[in-house]
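Working notes, structure below.
Small disclaimer: the values here were computed from a predicted structure and weren't measured.
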Amino acid sequence: MEQNRNKQDDPRYRIANREAWIGIGIVVVNFLLWFGFAYGLGAEPVEDYQYIWGLPAWFFYSCIAVTGFIFVVVIFAVRCFFTEVPLDEEGDR
């Protein structure tokens, strides 16, 4: 019981929880963008597809452009919102 109370008081758990929610948010945005481009632009007949660099536009936007965008979002999130925390026990300091 005492160990459980210490986990709730430990600020590292709040930081880890916040960073996990940020990661989940990024994953949800990634999926929504991928799904939107893949099924939004890919729903046309094949004869009507537009091509970018020899790839169908739906594939280019959903798999290439969204991946690049998410890389940038992850780098921004890590630099601006993530905090470095010590992982050793508090008593070891």
Side-chain angles (χ1 to χ4, degrees):
M1 177 120 165
E2 180 69 29
Q3 188 178 20
N4 191 22
R5 191 172 328 135
N6 287 340
K7 287 182 180 180
Q8 292 173 350
D9 295 337
D10 192 344
R12 296 178 296 178
Y13 286 94
R14 283 195 313 269
I15 292 169
N17 191 34
R18 179 178 59 90
E19 291 175 358
W21 281 110
I22 292 170
I24 290 169
I26 291 171
V27 168
V28 168
V29 168
N30 182 35
F31 177 76
L32 292 175
L33 288 173
W34 172 83
F35 188 86
F37 281 117
Y39 288 99
L41 295 176
E44 301 173 4
V46 177
E47 297 82 25
D48 295 338
Y49 281 177
Q50 295 178 1
Y51 292 88
I52 300 172
W53 295 343
L55 301 169
W58 67 266
F59 181 84
F60 176 81
Y61 288 122
S62 66
C63 294
I64 309 287
V66 169
T67 301
F69 173 72
I70 292 299
F71 283 165
V72 171
V73 169
V74 168
I75 291 169
F76 175 77
V78 168
R79 288 188 177 174
C80 295
F81 299 116
F82 282 36
T83 305
E84 188 167 342
V85 295
L87 298 177
D88 57 343
E89 293 294 326
E90 289 183 38
D92 294 344
R93 292 184 204 170

To the nearest 0.5 Å, how far apart are CG in Asp88 and CZ in Arg12?
7.0 Å
Measure the shortest side-chain to side-chain distance between Arg18 and Phe81 over non-hydrogen atoms and say whether it is less than 4.5 angstrom.
yes
More than 12 foreign heavy atoms under 6.0 Å from OH of Tyr51: is that the case here?
yes
Between Val27 and Phe71, is there shared hydrophobic-cluster membership here, with clusters defined by ILVMFWY side-chain heavy atoms closer than 4.5 Å?
no
Residues passing the side chain to side chain contact (heavy atoms under 4.5 Å, CB included) test with Phe35, sequence neighbours excluded, are Phe31, Tyr39
Name the one of Phe60, Trp58, Tyr61 that satisfies ring pair (Phe, Tyr, Trp, His ring centres under 6.0 Å) with Phe37?
Tyr61
Check the surroundings of atom CZ in Phe82: do more than 12 heavy atoms from other residues, nucleotides or ligands lie under 6.0 Å from it?
yes
Under 4.5 Å between side-chain heavy atoms, hopping through other hydrophobics if needed: is there a path connecting Phe76 to Val73?
yes
Report yes or no: do Ile64 and Trp34 belong to one cluster of Ile/Leu/Val/Met/Phe/Trp/Tyr joined by side chain heavy-atom distances under 4.5 Å?
no
Just verifying a value: how many Å separate Phe69 CZ and Asn30 CG, rounded to the nearest 0.5 Å?
9.5 Å
Which heavy-atom pair separates Ala38 from Ser62 by the least distance, and what is that distance?
N-CB, 3.7 Å
Please determine whether residues Val66 and Tyr49 belong to a single hydrophobic cluster, defined as Ile, Leu, Val, Met, Phe, Trp and Tyr linked transitively by side-chain heavy-atom distances below 4.5 Å.
yes
Does Val78 share a hydrophobic cluster with Ile22, counting links as ILVMFWY side-chain heavy atoms below 4.5 Å and allowing steps through other members?
yes
Roughly how far, to the nearest 0.5 Å, is CG of Asp10 from CD1 of Ile15?
8.5 Å
